[in-house]
Amino acid sequence: MILPIIFGMVLGILAGLLPGLHPNSLSQLLTYVEMDNFDAAIMIEVSAAVNTVLSILPAIFLFIPDEQTVLSVLPGQRMVNEGNGLKAVWISGAAVLLSIFFMILFLPVSFFLTPFLYQTISPYIGLVLLTITIVYLFQEKVKEKIVSAFFIFILSGFLGWTLLSSTVLREPLFVSFIGLFALSSMIFAVNKTSIPYQIWIKDQRIKNDLVFIVLVGVLLGGLADLLPAVGSPAQLATFVTPVAAIESSSFLALTSSISISHFVNSFVALNTIDKARIGPTVIIRNLIGKPDLQTTVFFILLSLSAIAISVAILWILTIPLIQFLRKTDLRLLNLGLFLYLAASIIFVDGLLGLFVAVVASAIGTLPVLLGVRRTHLMGFLILPTMVFFLV
């Protein structure tokens with residue numbers, strides 16, 4: 001198992017640093033490699049775990065998030081512009097390590113509670129999704145913004161319904177999320193030439209409020225596996241509190257802890273309720289079937305170990321990345337990333353995929369232009385799922 005773990009680590013690092021190379025897509029590509037199914041499952045799980053942590057860097061410094069870090073771009077960009085990018089990475093990494101500690105404590109309870117909670121809410125999933133959607137919309141508070149948010153939700157939901165209910169694209173999620181979140185973010189960073197000088201962190205102590213925020217994030221991440229289409233850390237974070245209500249660093253800690261908890265708890269959900277809520281666990285189930293308790297615990301321990309190692313890699317790579325970005329014209333870098341993403345889309349789904357990505361990127365610019373949260377773009381997944389359970 002050593003080679004699959006090593007290859008998984010390397011692939012996870014590459015996927016984390018290259019925007020647009022999502023764990024779902026990477027996992028799908030790995031299925032075409034001829035190897036033992038269990039070894040393939042290990043490689044997919046390790047690469048996805050590492051990617052979940054390392055994707056923090058492009059989300060903060062390149063302003064190109066994926067669906068796991070979509071709202072991190074706002075507080076992260078704000079902190080980088082203030083010269084606090086190092087603090088943003090330190091807080092995110094510390095939140096991940098604290099999340100591991102809390103998950104070790106809560107996972108035994110999660111195995112017991114997950115099937116009970118799922119059986120309780122499963123008859124009402126459609127109504128729960130509708131309630132969550134209404135809460136999202138009314139968090140905008142101002143009538144005009146609520147209307148704008150509803151328009152974006154419906155528009156992105158219609159796009160999701162159209163693509164997910166057809167077979168015109170091989171990877172509709174890959175193509176659409178690049179457009180909705182990556183390309184649309186690049187549009188607003190087109191004039192960015194360099195990042196400001198980043199200040200070294202003098203006070204690296206973990207404060208009590210951060211511990212509480214991480215605890216909340218871990219609990220939310222566990223609950224995310226009970227519902228389809230609402231596993232995004234950004235969604236869950238804004239469901240609890242508006243972005244403006246907490247500090248940027250606290251919001252980063254919250255989304256980081258939700259992301260890690262959701263990933264690890266997905267194995268609990270797979271074992272207890274036979275539901276795979278994220279791409280890697282879907283593919284792992286296809287490879288080895290529903291894992292028994294012993295196999296599930298193995299994958300969880302492997303995930304936690306890979307995540308802990310990834311935090312060290314995250315902190316090691318941060319300063320070299322900052323030095324590189326300080327010496328690089330970000331306009332040229334963004335152009336290179338744009339060409340890379342466009343090539344990735346064409347490789348996966350051809351010119352039709354590129355057209356869909358352009359449409360999705362146009363929709364993705366609306367939240368910024370209309371001054372509402374980007375979480376409403378997750379109507380892409382929520383609306384089709386909600387209609388499925390309600391109709």
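Heads up: numbering here begins at 1 and tracks the sequence.
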> Testing the basics here: between Leu163 and Ser176, what is the closest heavy-atom pair and its distance to 0.1 Å?
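For Leu163 versus Ser176, the nearest heavy atoms are CD1-OG, 3.1 Å.
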> If you count heavy atoms of other groups shown closer than 6.0 angstrom to CD1 of Ile2, is the number above 12?
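Incorrect, the count does not exceed 12.
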> Got more than 12 heavy atoms from elsewhere within 6.0 Å of CZ, Phe338?
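For Phe338, atom CZ is not crowded (no more than 12 foreign heavy atoms under 6.0 Å).
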> For residues Leu210 and Ser250, determine if any side-chain heavy atom of one lies less than 4.5 Å from a side-chain heavy atom of the other.
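They are not in contact (no side-chain heavy atoms under 4.5 Å apart), so the answer is no.
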> Output yes when a side-chain donor or acceptor of Ser259 lies under 3.5 Å from a complementary backbone atom of Ser256, and no otherwise.
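Side chain of Ser259 to backbone of Ser256, a donor-acceptor pair under 3.5 Å: no, none is there.
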> Which pairs of donor and acceptor atoms, one on a side chain in residues 4-15, lie under 3.5 Å apart (sequence neighbours left out)?
none

> Tell me, which pairs form a salt bridge (Lys or Arg N to Asp or Glu O under 4.0 Å) where one or both residues lie in residues 264-275, sequence neighbours left out?
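Sorted pair list: Asp274-Arg285.
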> Enumerate the ring-ring contact (aromatic ring centres under 6.0 Å, His included) contacts for residues 264-295, please, sequence neighbours excluded, ordered by first and then second residue.
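As it turns out, the ring-ring contact (aromatic ring centres under 6.0 Å, His included) pairs with a partner in residues 264-295, which skip direct neighbours, are Phe263-Phe267, Phe267-Phe299.
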> In Å and rounded to the nearest 0.5 Å, what is the CG to CD1 distance from Leu159 to Ile154?
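These two atoms lie 13.0 Å from each other.
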> Please find the pair of heavy atoms, one from Pro115 and one from Thr272, that lie closest to each other, and give the distance.
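Looking at all heavy atoms of both residues, the shortest contact is CD-CB, 3.9 Å.
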> Leu3 versus Met43: any side-chain heavy-atom pair under 4.5 Å?
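Not touching, per the 4.5 Å side-chain cut-off.
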> Mind checking the CG-CZ spacing from Leu169 to Phe355? Nearest 0.5 Å is all I need.
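Taking CG in Leu169 and CZ in Phe355, the distance rounds to 11.0 Å.
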> According to side-chain contact (heavy atoms from CB on, under 4.5 Å), who are the partners of Ile199, at least two apart in sequence or on a separate chain?
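Ile199: side-chain contact (heavy atoms from CB on, under 4.5 Å) contacts with Asn84.
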> For residues Leu252 and Ala88, report the shortest heavy-atom separation together with the two atoms involved.
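That closest heavy-atom pairing would be CD1-CB, 3.6 Å.
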> Going by salt bridge (Lys or Arg N to Asp or Glu O under 4.0 Å), name the pairs with one or both residues in residues 327-345, residues two or more places apart or in two chains.
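Output for this query lists Asp329-Arg331.
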> Grouping I, L, V, M, F, W and Y whenever their side-chain heavy atoms are under 4.5 Å apart, do Phe153 and Phe138 come out in a common cluster?
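In one cluster: yes.
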> Kindly determine whether Phe111 and Ile300 satisfy side chain to side chain contact (heavy atoms under 4.5 Å, CB included), including the steps that lead there.
CA-CA 12 Å; Phe111 274 98; Ile300 288 174; 3.9 Å; yes
> Determine whether Leu321 and Leu17 fall in the same hydrophobic cluster, where Ile, Leu, Val, Met, Phe, Trp and Tyr are linked whenever their side-chain heavy atoms lie under 4.5 Å apart.
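In one cluster: yes.
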> How long is the span from the CZ atom in Phe158 to the CD1 atom in Ile363, to the nearest 0.5 Å?
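Reported to 0.5 Å precision, the distance equals 9.5 Å.
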> With clusters defined by side-chain heavy atoms of hydrophobic residues (ILVMFWY) lying less than 4.5 Å apart, directly or transitively, does Leu57 cluster with Ile91?
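Cluster IDs for Ile91 and Leu57 match.
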> Give a yes or no on whether Ile146 and Ile132 share a hydrophobic cluster (residues Ile, Leu, Val, Met, Phe, Trp, Tyr; joining criterion: side-chain heavy atoms under 4.5 Å apart).
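Yes; tracing contacts between hydrophobic side chains, which count when under 4.5 Å, links both residues.
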> A side-chain contact here means heavy atoms from C-beta on lying under 4.5 Å apart; do Val53 and Ile260 qualify?
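In short, these two side chains touch, coming nearer than 4.5 Å.
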> On a heavy-atom basis, which atom in Met186 and which in Asn334 lie closest, and how many Å separate them?
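Result for this residue pair: CE-O, 2.8 Å.
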> In this structure, are over 12 heavy atoms from other groups packed under 6.0 Å from Phe388 atom CZ?
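No, the 6.0 Å shell around CZ holds no more than 12 heavy atoms from other groups.
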> Using a 4.5 Å cut-off on heavy atoms from C-beta on, say whether the side chain of Val264 contacts that of Ile307.
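Counting from C-beta outward, Ile307 and Val264 do come under 4.5 Å.
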> Does Thr281 use its side chain to pair, donor to acceptor, with the backbone of Ile278 at less than 3.5 Å?
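At least one qualifying donor-acceptor pair exists.
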> Which heavy atom in Thr52 sits nearest to a heavy atom in Ile56, and how many Å separate them?
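Residues Thr52 and Ile56, closest heavy atoms: O-CG1, 4.4 Å.
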> Quick one: side chains of residues 308-319, donor-acceptor pairs under 3.5 Å with protein atoms, not counting sequence neighbours, listed by atom name and distance.
unit_1	atom_1	unit_2	atom_2	d
Ser310	OG	Ala306	O	2.6
Trp315	NE1	Val89	O	3.4
Thr318	OG1	Leu314	O	2.6

> Nearest 0.5 Å, what's the NE2-CG distance between His262 and Leu220?
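Reported to 0.5 Å precision, the distance equals 11.5 Å.
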> Run the numbers on Leu227 and Ile121 for side chain to side chain contact (heavy atoms under 4.5 Å, CB included), then give the verdict.
CA-CA 9 Å; Leu227 294 170; Ile121 69 171; 3.8 Å; yes
> Verify, without hydrogens or angle tests, whether Gln198 (side chain) and Ile322 (backbone) share a donor-acceptor contact under 3.5 angstrom.
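Answer holds: no.
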> Any side-chain heavy atom of Met79 sitting closer than 4.5 Å to one from Ile60?
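Side chain of Met79 against side chain of Ile60, heavy atoms only: no contact under 4.5 Å found.
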> How far apart are the closest heavy atoms of Ser185 and Arg374, and which atoms are they?
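Ser185 and Arg374 have their closest heavy atoms at OG-NH1, 2.6 Å.
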> Do Thr255 and Phe251 have side-chain heavy atoms sitting under 4.5 Å apart?
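Yes, side chains in contact.
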> Strictly distance-based, threshold 3.5 Å: is any side-chain N or O of Asp39 a donor or acceptor partner for the main-chain N or O of Met35?
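Such a contact is absent between Asp39 side chain and Met35 backbone.
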> Could you tell me whether Tyr124 and Phe389 have their ring centroids closer than 6.0 angstrom?
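Centroid separation for Tyr124 and Phe389: 6.0 Å or greater.
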> If you draw a 6.0 Å radius around CZ in Phe151, do more than 12 non-hydrogen atoms from other residues or ligands fall strictly inside?
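Not more than 12 within 6.0 Å, no.
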> Applying side-chain hydrogen bond (donor to acceptor under 3.5 Å, both in side chains) as the test, list every pair that has at least one member in residues 143-161; sequence neighbours left out.
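Sorted result for residues 143-161: empty, none.
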> Hey, could you give me the OG/CG distance between Ser266 and Asp225, rounded to the nearest 0.5 Å?
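Going from the OG atom of Ser266 to the CG atom of Asp225 covers 5.5 Å.
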> With sequence neighbours left out, what residues match Arg326 under salt bridge (charged side-chain N to carboxylate O under 4.0 Å, His left out)?
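For Arg326 there are no salt bridge (charged side-chain N to carboxylate O under 4.0 Å, His left out) partners, ignoring immediate neighbours.
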> List, one per line, each side-chain donor-acceptor pair under 3.5 Å for residues 341-354, sequence neighbours excluded.
unit_1	atom_1	unit_2	atom_2	d
Ser344	OG	Tyr340	O	2.8
Asp349	OD1	Arg170	N	2.6
Asp349	OD2	Arg170	N	3.4
Asp349	OD2	Glu171	N	2.9

> Do Met103 and Ser261 make a side-chain contact, defined as non-hydrogen atoms from C-beta onward lying under 4.5 Å apart?
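Contact flag for Met103/Ser261 side chains = yes.
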> Which residues pass the side-chain contact (heavy atoms from CB on, under 4.5 Å) test with Thr365, sequence neighbours left out?
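Per chain and number, Thr365 pairs via side-chain contact (heavy atoms from CB on, under 4.5 Å) with Ser184, Ile187, Phe188, Leu369.
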> Partners of Ser110 by side chain to side chain donor-acceptor pair (under 3.5 Å), sequence neighbours excluded?
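Only Thr114, Asn265 meet the side chain to side chain donor-acceptor pair (under 3.5 Å) criterion with Ser110.
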> Yes or no on side chain to side chain contact (heavy atoms under 4.5 Å, CB included) for Leu383 and Val387, after CA distance, side-chain angles and deciding distance?
CA-CA 6 Å; Leu383 184 60; Val387 172; 4.2 Å; yes
> Which pairs would a plain distance check flag for residues 289-296, meaning a side-chain donor or acceptor within less than 3.5 Å of a matching protein atom at least two apart in sequence or in another chain?
unit_1	atom_1	unit_2	atom_2	d
Lys290	NZ	Asn271	O	3.3
Asp292	OD1	Gln294	N	3.4
Asp292	OD1	Thr295	N	2.8
Asp292	OD1	Thr295	OG1	2.7
Thr296	OG1	Asn271	ND2	3.3
Thr296	OG1	Asp292	O	2.8

> How long is the gap from CG on Leu117 to CZ on Phe112, to the nearest 0.5 Å?
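If we round to the nearest 0.5 Å, Leu117:CG and Phe112:CZ are 9.5 Å apart.
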> Do Phe102 and Leu301 land in one hydrophobic cluster if side-chain heavy atoms of ILVMFWY residues count as linked below 4.5 Å?
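Yes; tracing contacts between hydrophobic side chains, which count when under 4.5 Å, links both residues.
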> Taking the side chain as every heavy atom from C-beta outward, state whether Pro196 and Val80 have any pair of such atoms under 4.5 Å apart.
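A side-chain contact exists here, since the closest heavy-atom pair is under 4.5 Å.
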